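Just the heavy atoms: all of them, side chains too, but no hydrogens, waters or symmetry mates, feed the values below. All of these numbers come straight from a predicted model, not from anything done at the bench.
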Amino acid sequence: MSKAVWIALIIIIVSGLGIGGYFIYKKQIAATEKAANGSSPDKESSNSPKVSSKNNPNGPYYHQIYAATSTDGLTWQKQDKLLFDHASVPGAMVKNNKIYLYFVDASLDEDQLSVVTSADNGQTFSERQKVKVQNTPTYATVDPHPELIDGKIRLYYFSNPMTSDSQKEPEAFKMYSAISDDGVNFENPQIAFESPEIITDPDVFQTDKDWRMFISKGQNLILAVSTDG
C-alpha cells in the first residue's frame with residue numbers, strides 16, 4: 001500500500017450506541033460466563049458458554065463497519081460501501097502489502113474476534129477467520145488493535161474481567177498483548193495495562209522515544225506510556 005494513502009476503519013452505529021451501553025454489554029459477557037460455570041478466562045474449555053449480542057441493542061450485532069480514506073491523515077472521505085455487517089471495533093494494519101483487519105464479529109451464533117485480509121488496498125476481503133489467542137476463551141478477546149513488530153503482528157486487546165466470587169466486582173480491567181506469525185493464531189498473551197475502573201478500546205502507536213496507548217474510560221481518554229510496548 002502506498003504510504004501516501006492512509007486507511008482507517010470506522011464504525012457506523014445503526015441503533016445509537018452510548019459509551020456506557022457498550023461497557024454494560026461487556027460486563028454482561030463476563031456475568032454470563034460466570035453464571036454458566038464460574039470458570040477462569042485463562043483457558044478455552046468445552047464448558048465455556050456461547051456469548052452472543054443478538055439480544056442486546058447495545059452490542060456488536062447492531063454495528064457495521066465502513067471505511068474512510070485520506071491522503072494526509074487530517075481530512076477523510078467516507079466510502080459508501082458496507083464492509084461488514086454485525087461487526088464492531090475494527091483495527092487494521094499492513095503486513096507484506098496486505099491489510100489485516102480485526103473486529104468483533106457478531107454474525108454467527110457466538111460473538112468472536114475475526115480477521116480478514118485484503119491484497120487490493122481494501123477493495124475486496126477474504127473470508128472471515130476466527131482469531132485464536134493461546135489459553136484464552138473466545139469471549140475474552142475484544143477491542144483489537146494490531147501493530148507490526150519485527151515482522152510479526154502484535155495484537156492489543158481488552159480481556160473481560162472475571163472473579164470467582166459472584167458477589168464481588170472484578171478486581172481489574174485488563175489490556176493484553178499477544179504475538180502472531182500468521183495473523184490468526186496468537187501466542188504468549190501478557191498483561192499490558194490494567195485498571196480497577198472500567199476501560200476499553202486500546203489504541204497503540206510508537207514514537208521516537210516510547211510506546212503510547214490511548215484507552216477509553218467512559219467518555220474520556222487516558223494515556224499509558226511504555227518503553228518496550
What pair of heavy atoms forms the shortest contact from [X] to [Y], and how long is it?
X      : Y      : value
Tyr62  : Ser53  : CE1-O, 3.8 Å
Leu155 : Pro144 : CD1-CB, 3.8 Å
Pro60  : Ser88  : CB-CB, 3.7 Å

What pairs with Asp203 under salt bridge (Lys or Arg N to Asp or Glu O under 4.0 Å), at least two apart in sequence or on another chain?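 In terms of salt bridge (Lys or Arg N to Asp or Glu O under 4.0 Å), with neighbours along the sequence ignored, Asp203 is linked to no residue.
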Does Asp109 have any salt bridge (Lys or Arg N to Asp or Glu O under 4.0 Å) partners at least two apart in sequence or in another chain, and if so, which?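 For Asp109 the salt bridge (Lys or Arg N to Asp or Glu O under 4.0 Å) partners, ignoring immediate neighbours, are Lys54.
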Let me confirm one number: the [atom1]-[atom2] distance from [X] to [Y], rounded to the nearest 0.5 Å.
X      : Y      : atom1 : atom2 : value
Thr69  : Gln79  : OG1   : CD    : 5.0 Å
Phe158 : Ser216 : CZ    : OG    : 10.5 Å
Leu83  : Ile65  : CG    : CD1   : 7.5 Å
Ile99  : Gln123 : CD1   : CD    : 9.0 Å
Lys152 : Ile179 : NZ    : CD1   : 7.0 Å
Leu221 : Ile199 : CG    : CD1   : 12.0 Å

Donor-acceptor under 3.5 Å ([X] side chain, [Y] main chain):
X      : Y      : answer
Asn96  : Lys98  : no
His86  : Tyr61  : yes
His145 : Val204 : yes
Thr117 : Ser126 : no
Tyr102 : Gly183 : yes

Donor-acceptor contacts under 3.5 Å from residues 222-229 side chains, at least two apart:
unit_1	atom_1	unit_2	atom_2	d
Ser226	OG	Asp228	N	3.1
Ser226	OG	Asp228	OD1	2.8
Ser226	OG	Gly229	N	2.9

Between side-chain atoms of residues 185-194 and protein atoms elsewhere (two or more places apart, or another chain), which donor-acceptor pairs fall under 3.5 Å?
unit_1	atom_1	unit_2	atom_2	d
Asn185	ND2	Asp182	OD2	2.9
Asn188	OD1	Gln190	NE2	3.3

Is the charged tip of Lys78 near the ring of Tyr66: under 6.0 Å from the six-membered ring centre and within 45° of its axis?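 Yes, a cation-pi geometry.
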Taking only residues two or more places apart in sequence, or in another chain, which ones meet [X] in a side-chain hydrogen bond (donor to acceptor under 3.5 Å, both in side chains)?
X      : answer
Asp120 : Ser118, Thr124
Glu197 : Lys217
Gln129 : none
Arg128 : Asp105, Ser107

Filter on salt bridge (charged side-chain N to carboxylate O under 4.0 Å, His left out), then keep only pairs touching residues 205-214, sequence neighbours left out; what's left?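 For residues 205-214, and leaving out neighbouring residues, the salt bridge (charged side-chain N to carboxylate O under 4.0 Å, His left out) pairs sorted by first residue read Asp210-Arg212.
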Return the set of residues passing side-chain contact (heavy atoms from CB on, under 4.5 Å) with Gln206 (not counting sequence neighbours), or none when no residue passes.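 Result, side-chain contact (heavy atoms from CB on, under 4.5 Å) vs Gln206: Trp211.
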Test side-chain contact (heavy atoms from CB on, under 4.5 Å) applied to Lys95 - qualifying residues, sequence neighbours left out: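 Residues passing side-chain contact (heavy atoms from CB on, under 4.5 Å) with Lys95: Met93, Tyr100, Leu148, Ile153.
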Among Asp201, Val104, Val133, Val142, side-chain contact (heavy atoms from CB on, under 4.5 Å) partner for Tyr157: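 Among the candidates, only Val133 passes.
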Side chains of Thr138 and Lys130, donor plus acceptor under 3.5 Å: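 Short answer, yes.
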Please tell me whether Thr136 and Thr141 have a donor and an acceptor in their side chains that are separated by less than 3.5 angstrom.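 Judged by distance alone, the side chains do not pair up.
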Would you please name every residue forming a ring pair (Phe, Tyr, Trp, His ring centres under 6.0 Å) with Phe84, sequence neighbours left out?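 Here the qualifying residues are Phe103, Phe125.
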Are Pro202 and Met175 close enough that some pair of their side-chain heavy atoms sits under 4.5 Å apart?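 A side-chain contact under 4.5 Å exists here.
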With side chain to side chain contact (heavy atoms under 4.5 Å, CB included) as the test, would you mind laying out the steps for Ser52 and Glu110 before giving the verdict? CA-CA 5 Å; Ser52 173; Glu110 177 183 23; 5.9 Å; no
